[in-house]
There are 2 protein chains.
Amino acid sequence: MDAVQDEAAGKRARGLDRAFEILDFLRQKRQALKPNEIAAQIGAPRSSVYELVNLLLSNGILEFTGGEGRVYLGRKLYFLGAAYENHFDFTRECEAALEQLADETRETAQFCMLDGNKYTVVRMREGARPFRISTDIGQSVPIPWTASGRLLVAHLSDQDILNFIPPQDFRLPGGEWLEPQTFIAEVRQAEREGLFTFNSIVDSFTHCFAVPVRGEEGHAAATLCLVTPRDDGIANRDRYLDCLKKAAAGLEHAPARPRRN
Amino acid sequence: MDAVQDEAAGKRARGLDRAFEILDFLRQKRQALKPNEIAAQIGAPRSSVYELVNLLLSNGILEFTGGEGRVYLGRKLYFLGAAYENHFDFTRECEAALEQLADETRETAQFCMLDGNKYTVVRMREGARPFRISTDIGQSVPIPWTASGRLLVAHLSDQDILNFIPPQDFRLPGGEWLEPQTFIAEVRQAEREGLFTFNSIVDSFTHCFAVPVRGEEGHAAATLCLVTPRDDGIANRDRYLDCLKKAAAGLEHAPARPRRN
DNA sequence: TGTTTTTGTCCGCTATATTGTACATATGAT
DNA sequence: ATCATATGTACAATATAGCGGACAAAAACA
């Protein structure tokens, strides 16, 4: 059923894929779970999950926590993630860019990337506004629901976009159906203009601005976004876009530096 | 040859173990490598490594980077690591503790943990001194080489310690042999006193101070350390230890908070 | 130019990892 | 007390994953 993996049905799953399915599931749940619960909720054989969980535990990829035999992501993953972050050293500059955006606009600023075939907020700086942002950091959101999504898939061909995005993700949170062709048209428009803005699909009171942060290959490796109240956003549109473009330009000079050592 | 895993010789390796061996190896190398190089350097069959690398690439665990087909740790690992960090929310308080230590002592302060059966510096705050610290963040160091190492294994029995630490890690960087029984005696002493200090084994000009940061189970989940010039360290010993204990106490109140959601 | 090394792919064999099933225990409901 | 559910372990069957080795292209070298 999953459009990306799970080729055929009734086949045996590879241990590695199952393992990372477990890890992703724990990340999504954001809490420690018992092996039994994991097996039930991801629809995997219990014996397999127990075997894999024990393997991952002995490698430090998972850890016992929360008692009752519950497990969650382990320290080893933290170390590996830190190594990634260190290599593609975007964190420091990213925080600076968000800081700058927050200062200049007083709005919520986000740094977003793709996580597989989903959109995710990697870092966020809350604005001075009194309302809360609907997406939390690290949560996976369907690409079509977001302004950034238009930019993050713009390097793909129309067909590749359709293959890449799970079909059910075109069902918007309100239940409406976003015609894929409409989405693609917006992608191409965003690509031409180097930005995308719209009234948020996820809620009814925000306006979203997104500009690309281009990586080594020239396409949008990430985006910088502002999430604003609708009237403020529309009133300050040009200024906000200028701020975003300025901040994005500051991020683009050295997306992946060679390593110092 | 690896004392910890690789039970018997001539056996087939499990894919999952090989996969994480690859990931750890890349982390240790801290650079993108070709699959061929990886296979050669970790002593694994080339065909297996190619298969695994491709699997990991398609899962976002590895990424192409650096050209020439080289691969390095992928974005997915960053997300998983961020989820871990978010769950066991030690980062913020940890930075505050290091900041405080740096202010009070002007020396290099480190937050250290075990990574498997090695010691590693998780976060560091450089002091005002003009010399550099010998261990970089994220590098794996044999446990017996470090002051913190005495504290981090103190919850294990003598026999478990010997099983846990690879025998060759008792060979010090200078080539001398540290008798395991000597090490264990120092572990027990550190356990009793709740601290360990010594002239660094790794270099000839620093003195190291370490105190435990106790986790849920009551044993040292991490350590806070100071690395100082020898004469300064010895002159300020009592004050430095007070600072460390104070900072460690500040970290211990909520090692793993329940999650908010 | 010929030779060696590096790099990547392909394929068949077989050791084994995944899985269904059965079993055992604890917990909770009635 | 009885039944049902949740949780973890043990084990055998077989689909397959890991491995060795063959092959080929490209790069390095002589």
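Predicted model only: the values in this text are computed from it and were never measured. Letters go in sequence order (proteins before strands), and every chain restarts at 1.
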For [X] and [N], what is the distance between atoms [atom1] and [atom2] respectively, to the nearest whole Å?
X	N	atom1	atom2	result
B/Tyr50	D/dA25	OH	C1'	12 Å
B/Ile38	C/dT6	CD1	C1'	15 Å
A/Asn36	C/dA24	CG	P	18 Å
A/Lys34	D/dT9	NZ	C1'	16 Å
B/Asp17	D/dC19	CG	C1'	16 Å
A/Glu68	C/dG28	CD	C1'	14 Å
A/Leu57	D/dG8	CG	C1'	14 Å
B/Glu37	C/dT5	CD	P	17 Å

**Report entry** Spatial distance of atom CZ (B/Phe88) from atom CZ (A/Arg75) [nearest 0.5 Å]
**Finding:** 9.0 Å

Query raised in the report: Between C/dC10, C/dA22, C/dT7, which nucleotide has the shortest distance from any of its atoms to the side chain of A/Arg46?
Result: C/dA22

Query raised in the report: Does any non-hydrogen side-chain atom of B/Trp177 lie less than 4.5 Å from one of B/Arg171?
Result: yes

Query raised in the report: Do B/Ile38 and B/Val71 touch side chain to side chain, with heavy atoms closer than 4.5 Å?
Result: yes

Requested in this report: Taking side-chain hydrogen bond (donor to acceptor under 3.5 Å, both in side chains) as the test, write out the residues that go with A/Glu68, two or more places apart.
Outcome: none

Query raised in the report: Is the ring centre of B/Tyr78 less than 6.0 Å from the ring centre of A/Phe90?
Result: yes

N/O contacts under 3.5 Å, protein versus nucleotides 14-18 of chain D?
residue : atom : partner : partner atom : Å
D/dT14  : O2   : A/Arg12 : NH2          : 2.8
D/dA15  : N3   : A/Arg12 : NH1          : 3.1
D/dA17  : OP2  : A/Arg14 : NH2          : 3.2
D/dG18  : OP1  : B/Gly15 : N            : 3.2
D/dG18  : N2   : B/Arg12 : NH2          : 2.6
D/dG18  : N3   : B/Arg12 : NH2          : 2.7

Query raised in the report: Does a donor on one side chain sit under 3.5 Å from an acceptor on the other, for A/Gln159 and A/Asn163?
Result: yes

